[in-house]
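Worksheet: one structure, shown below.
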Amino acid sequence: MSAEKLRIAVLVSGGVDSAVVVHKLAEQGHDLHLFYIRIGRDDDTGGCTAEEDIEMCTLIARRYGLPLEVVSLHQEYWDNVMEYALRTVRAGLTPNPDIMCNSVIKFGYFEERWGREFDLTATGHYADTWFDPEGRKWLATAVDPVKDQTDFLARISGHQLEHIIFPLGSMPKADVRRIAAEAHLPNAFRKDSQGICFLGKINYNDFIRRHLGEKPGPIIEIETGRKLGEHRGFWFHTIGQRKGLGLSGGPWFVVRKNVEDNIIYVSRGYDTEKQYGKTLHLAEMHFITAAPWGDAADAGVEIRFKNRHAPDFLPGRIRRVADGAPGEYVVESDVKVQGIAPGQFAAIYDRDARLCYGSGIITGRANITI
């Protein structure tokens with residue numbers, strides 16, 4: 001980022017990360033306007049956490065003498081992100097609302113209505129950017145691999161990325177906390193939020209139950225066909241899940257689902273091969289800036305990838321399916337991968353895990369029966 005004074009829209013959440021973004025950019029002398037995106041619950045109420053977040057954002061705005069605007073994208077969120085989540089779980093797949101929230105809400109509707117009026121939009125995501133010799137902007141990973149959030153950003157467009165900056169990308173989380181404490185920010189020691197984007201502490205199973213109800217069905221041991229218990233609906237469970245099955249003598253892992261017959265198949269033991277795989281079939285492959293490999297992808301290219309939000313970038317090769325549908329790729333992992341959940345996104349990186357190229361949707365081959 002140049003030394004010139006820029007008009008920057010800063011998305012704040014009430015957490016320490018976005019507060020330190022404000023602190024850093026204010027110190028650099030930029031003209032900042034803070035925005036809090038308000039999303040209510042499905043009964044159109046904000047909940048107490050939203051009020052606490054707004055109060056904290058107000059304190060930060062006052063501290064630096066900055067304007068704060070609370071904007072609502074409630075209907076857009078429920079019509080797009082949560083409708084997608086419900087449609088996905090109803091089909092027996094595993095959604096990722098946070099990925100859709102970033103591409104559709106934060107860098108979609110917000111940018112179209114408010115962000116575009118500014119030179120840049122800044123967020124507290126742990127990510128970075130890199131410009132190649134041709135001047136193209138690429139999404140890059142954060143210096144802190146444990147906090148890196150590029151997998152949550154792997155569905156944004158190149159056009160969206162052009163307007164975004166991530167001031168925390170070069171900072172370990174410990175430094176963020178230290179700066180917040182030294183600056184005596186009011187949320188310096190506030191816990192990081194957990195849960196679905198914007199909805200905070202919402203109970204995911206309660207949300208699914210409220211919209212899809214319950215549908216009891218058998219839990220079957222896949223090796224023996226023995227019924228071990230009952231579940232309350234296949235939509236409450238995802239491939240690779242261990243907790244919440246209510247079974248004794250475990251550990252038990254969900255390894256397959258039969259959507260038509262409402263059956264959950266499980267296998268026992270941490271070392272059961274049924275919970276692992278090495279092949280990920282991807283559909284709707286999305287590249288943020290550009291497809292980086294050209295025709296080399298037909299033969300296979302060495303990459304790193306993530307099939308879930310975790311610190312590890314797994315090694316493997318990706319190839320384009322020559323006779324497949326547009327955007328169809330296959331990733332062959334060099335290591336065993338636990339819990340390959342259809343419907344989730346696989347984020348694709350270069351072989352050094354420095355650049356995030358984009359993502360594909362893991363298909364239901366092998367462990368989902370429709």
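Below, all heavy atoms of this structure are taken into account, side chains as well, without hydrogens, waters or symmetry copies.
- Between L25 and P167 the shortest side-chain heavy-atom distance falls below 4.5 Å.
- You'll find the side chain of Y109 reaches within 4.5 Å of the side chain of V104, heavy atoms only.
- Every pair passing salt bridge (Lys or Arg N to Asp or Glu O under 4.0 Å) that includes a residue from residues 288-297 is listed here, sequence neighbours excluded: D295-R320.
- Every ring-ring contact (aromatic ring centres under 6.0 Å, His included) that F313 has, sequence neighbours left out, goes to Y349.
- You'll find the side chain of I164 reaches within 4.5 Å of the side chain of I156, heavy atoms only.
- Here M56 sits in one hydrophobic cluster together with L59; the rule is ILVMFWY side chains under 4.5 Å apart, joined directly or through other members.
- Screening residues 57-69 for salt bridge (Lys or Arg N to Asp or Glu O under 4.0 Å) gives no qualifying pairs among residues at least two apart or on separate chains.
- Under the side-chain hydrogen bond (donor to acceptor under 3.5 Å, both in side chains) criterion, the residue pairs touching residues 167-178 are D17-K173, K173-D192, R177-D192, R178-E182, with sequence neighbours excluded.
- For the residue pair Y36 and A50, the shortest heavy atom distance occurs at OH-CA, 3.7 Å.
- In terms of heavy atoms, A346 sits closest to L280 at CB-CD2, 4.3 Å.
- For D334, the side chain to side chain contact (heavy atoms under 4.5 Å, CB included) partners are P315, not counting sequence neighbours.
- Under the ring-ring contact (aromatic ring centres under 6.0 Å, His included) criterion, H33 pairs with F35, F118, sequence neighbours left out.
- Looking at heavy atoms from C-beta onward, T289 lies out of side-chain contact with L139 at the 4.5 angstrom threshold.
- With sequence neighbours left out, E134 forms a side chain to side chain contact (heavy atoms under 4.5 Å, CB included) with D132, R136.
- Looking at heavy atoms from C-beta onward, L66 lies out of side-chain contact with V10 at the 4.5 angstrom threshold.
- Contacts of I179 classified as side chain to side chain contact (heavy atoms under 4.5 Å, CB included), with partners at least two apart in sequence or in another chain: V20, H23, M171.
- For the residue pair A140 and L355, the shortest heavy atom distance occurs at CB-CD2, 4.0 Å.
- Heavy atoms only, all atoms of each residue included: A353 and T141 are closest at O-OG1, 2.9 Å.
- Minimum heavy-atom separation, C101 to Y77: SG-CE1, 4.1 Å.
- N80 and E76 are not linked by any side-chain donor-acceptor pair at a separation below 3.5 angstrom, with hydrogens and angles left out of the test.
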Can I get a per-line list of side-chain donor-acceptor pairs under 3.5 Å for residues 242-255, giving both atom names and the distance, sequence neighbours left out?
residue	atom	partner	partner atom	Å
W252	NE1	S248	O	2.9

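- For residues 18-32, the pairs satisfying salt bridge (Lys or Arg N to Asp or Glu O under 4.0 Å) are R7-D31, with sequence neighbours left out.
- With sequence neighbours excluded, the residues that form a side chain to side chain contact (heavy atoms under 4.5 Å, CB included) with N96 are Y84, D98, I99, F152, Q344, F345.
- Ring geometry, W138 versus W130: the interplanar angle falls from 30° to 60°, so the pair is classed tilted.
- Each of V21, T123, T150 was checked for a side chain to side chain contact (heavy atoms under 4.5 Å, CB included) with F166, and the lone residue meeting it is T123.
- Listed for the N262 side chain is a donor-acceptor partner under 3.5 Å among the backbone atoms of F234.
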T121 vs W114, side chain to side chain contact (heavy atoms under 4.5 Å, CB included): CA-CA, chis, key distance, verdict
CA-CA 10 Å; T121 295; W114 297 283; over 6 Å; no

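- Summarising the geometry, atom CD1 belonging to I288 is positioned 9.5 Å from atom CZ belonging to R155; distances are rounded to the nearest 0.5 Å.
- Inter-residue side-chain proximity for F287 and I348 is flagged as unmet; no heavy-atom pair is nearer than 4.5 Å.
- For the pair I239/K257, a side-chain contact is recorded, criterion being any heavy-atom separation below 4.5 Å from C-beta on.
- Two residues are said to be in side-chain contact when any heavy atoms from C-beta on lie closer than 4.5 Å; R87 and L93 fail this criterion.
- In this structure, T279 and V330 approach most closely via the heavy-atom pair CG2-CG1, 3.8 Å.
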